[in-house]
4 protein chains.
Amino acid sequence: MIIRLDMQSDLPIYTQLMNQIIEGIASGELKPGEDLPSVRSLASDIGVNLHTINKAYTLLKQEGFIQIHRQKGVVVNPEGMPGITPEYEQKQAEQLRPMIAEAICRSVDKEHLLQIVESLYDDILHGEKENA
Amino acid sequence: MIIRLDMQSDLPIYTQLMNQIIEGIASGELKPGEDLPSVRSLASDIGVNLHTINKAYTLLKQEGFIQIHRQKGVVVNPEGMPGITPEYEQKQAEQLRPMIAEAICRSVDKEHLLQIVESLYDDILHGEKENA
Amino acid sequence: MIIRLDMQSDLPIYTQLMNQIIEGIASGELKPGEDLPSVRSLASDIGVNLHTINKAYTLLKQEGFIQIHRQKGVVVNPEGMPGITPEYEQKQAEQLRPMIAEAICRSVDKEHLLQIVESLYDDILHGEKENA
Amino acid sequence: MIIRLDMQSDLPIYTQLMNQIIEGIASGELKPGEDLPSVRSLASDIGVNLHTINKAYTLLKQEGFIQIHRQKGVVVNPEGMPGITPEYEQKQAEQLRPMIAEAICRSVDKEHLLQIVESLYDDILHGEKENA
DNA sequence: GTGGTCTAGACCACT
DNA sequence: GTGGTCTAGACCACG
């Protein structure tokens with residue numbers, strides 16, 4: 001899987017990493033049980049600090065997306081992904097709300113917005129990247 | 001207009017402020033041309049430093065949501081809101097994408113997701129708050 | 001002469017006033033010896049504070065563009081405009097320099113820049129306004 | 001690169017800083033990709049508060065002259081400078097216009113003015129300072 | 001009284 | 001050690 005980082009984004013690198021791995025899982029490119037690169041190899045591959053990779057993996061583990069085994073390495077959670085928890089629903093709404101509010105201000109009508117979301121949903125499912 | 005800040009949030013205060021003002025505009029609670037509180041009065045009202053308010057106002061001005069008149073104060077942009085620019089569309093997609101990817105991982109199907117977005121859209125339009 | 005003020009400009013109103021009067025003189029619309037409106041009438045005409053008009057007039061007088069007579073009112077300096085003083089040349093260079101530097105950064109080549117200046121020079125001479 | 005600030009100037013310090021950096025880029029003294037001093041080191045070097053430097057850097061970033069990398073520091077935009085946008089052209093004309101009007105009033109003829117601009121253009125390109 | 005600017009000093013996230 | 005954020009308190013220009 002190819003990781004693309006934007007070093008001048010305002011998003012922390014570990015967040016970009018998490019997003020890309022989650023998107024890889026969403027698209028099916030990474031399947032449950034599949035190995036992820038070790039902290040060390042990934043760090044050297046993409047040229048970032050070990051701590052950064054570690055932080056991303058640790059957070060992904062906390063949220064249930066991956067498992068970290070001391071010796072065996074890192075795998076996409078073979079027991080499947082976390083479900084729809086109340087905490088998740090709240091976080092999702094908190095994130096979505098300001099974006100939707102801005103869309104309303106900018107006169108994006110509801111149908112248009114839903115169409116944008118739907119189209120992104122399909123893109124991700126089919127593994128289409130932002131730059132594609 | 002009532003401002004609610006979460007001092008524990010990982011979102012900077014000035015960002016929370018921007019979001020609330022944008023949502024106020026989206027809901028129609030704040031209308032184009034309407035006065036916003038002065039930097040100092042808002043700062044003392046919600047108990048934060050005036051520089052924090054200033055930063056939020058300055059950014060909102062840069063994005064075209066409000067106007068700042070040197071000695072008269074701050075108003076919601078009477079010339080209407082900024083439209084749908086290519087930069088906005090790109091920013092929107094960048095923000096939406098990781099949220100949708102996570103939704104896919106958590107088995108939120110497309111219809112459900114669209115329904116969530118639609119419901120938030122309506123809530124904001126009708127001025128319903130998160131805690132309501 | 002029509003005065004157009006932009007209340008949301010970052011330029012102080014008195015500066016905008018000075019600029020417009022100077023441009024009026026440059027275009028020939030205001031001729032040496034010609035009367036300017038009194039502080040009071042101009043203030044009420046364009047709806048700004050007396051102090052603001054006063055400040056603009058006082059500064060214009062200090063630079064030699066106009067004369068203020070206690071009873072007779074304000075006139076464009078009948079003895080002609082101030083000339084090219086060393087102070088003026090220095091001020092001019094200080095103002096021009098950062099604008100030219102930015103133009104260079106943005107790849108405005110010398111010919112293009114000179115053409116812009118020349119075209120503005122002609123516009124002003126012929127009294128063509130910004131919005132025309 | 002040597003920064004010279006005039007604490008008596010009516011120009012804000014952060015503006016003077018922006019101007020000097022832009023001129024440094026224009027003259028070729030600062031090249032795309034080159035590091036700029038960190039906020040803190042520059043602040044202590046020239047004896048101003050770090051927030052003042054921060055404001056200058058943030059604005060230069062917004063205009064596309066520099067990039068700010070979260071933990072690595074600040075560099076001249078390696079992707080090159082911003083181009084000639086309509087907003088830039090408008091801003092440029094607004095700034096140039098009153099200066100040209102004053103020049104006309106003071107009987108600076110067109111050829112002389114163009115010569116002044118051309119000479120400043122060349123000075124900046126060759127890195128000649130105001131006081132040199 | 002308004003926003004604009006600057007200072008001084010602090011804590012935090014990130015790498 | 002870097003920039004990001006926030007606070008507290010001050011002076012100034014403007015109208």
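This one's a predicted model, so the numbers in the text were calculated from it and none came from an experiment. Chain letters run A, B, ... following the sequence lines, proteins first, then strands; residues in each count from 1.
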Trace of the side chain to side chain contact (heavy atoms under 4.5 Å, CB included) decision for C:I68 with C:Y57: CA-CA 8 Å; C:I68 304 178; C:Y57 276 177; 4.0 Å; yes

More than 12 heavy atoms of other groups within 6.0 Å of A:K91 NZ: yes

Intra- and inter-strand pairs of DNA chain E in dot-bracket (Watson-Crick or G-U wobble, both distances under 3.5 Å; | for another strand): ||||||||||||||.

Nucleotide interval of DNA chain E bounded by contacts with chain B (heavy-atom cut-off, under 4.0 Å): E:dG1 to E:dC6

Position toward the 5' end of DNA chain E (nearest nucleotide), B:V39 or D:V48: B:V39

Show me the donor-acceptor pairs within less than 3.5 Å that the side chains of residues 5-13 of chain B make with the rest of the protein, sequence neighbours left out.
| residue | atom | partner | partner atom | Å |
| --- | --- | --- | --- | --- |
| B:D6 | OD1 | B:Q8 | N | 2.8 |
| B:D6 | OD1 | B:S9 | N | 3.3 |
| B:S9 | OG | B:L11 | N | 2.8 |

Side-chain donor or acceptor of A:E23 paired with backbone N/O of A:I124 under 3.5 Å: no

Test side chain to side chain contact (heavy atoms under 4.5 Å, CB included) applied to D:M99 - qualifying residues, sequence neighbours left out: C:Q95, C:L96, C:M99

Verdict with reasoning, B:Y88 to B:E63, per side chain to side chain contact (heavy atoms under 4.5 Å, CB included): CA-CA 10 Å; B:Y88 167 63; B:E63 298 187 18; over 6 Å; no

From CG (D:L59) to OH (D:Y14), nearest 0.5 Å: 6.5 Å

Atom of A:P82, atom of A:G64 and distance for their closest heavy-atom approach: CD-O, 3.5 Å

Pairs under 3.5 angstrom only: tabulate donor-acceptor contacts from the side chains of residues 35-42 of chain D to other protein residues two or more places apart or in another chain.
| residue | atom | partner | partner atom | Å |
| --- | --- | --- | --- | --- |
| D:S38 | OG | D:S41 | N | 3.1 |
| D:S38 | OG | D:S41 | OG | 3.1 |
| D:S41 | OG | D:S38 | N | 3.3 |
| D:S41 | OG | D:S38 | O | 3.2 |

Strand-adjacent residues in residues 50-70 of chain D, judged by heavy atoms under 4.0 Å from DNA chain E: D:H51, D:T52, D:K55

Nearest-nucleotide 5' precedence on DNA chain F, D:Q71 against C:I13: D:Q71

Criterion side chain to side chain contact (heavy atoms under 4.5 Å, CB included) on B:H51 and D:H51, from CA distance to verdict: CA-CA 12 Å; B:H51 290 117; D:H51 289 117; over 6 Å; no

Residue whose nearest DNA chain F nucleotide is more 5′ - B:Y14 or C:P12: B:Y14

Touch class at under 4.0 angstrom, heavy-atom based, for C:N49 against every strand present: sugar-phosphate

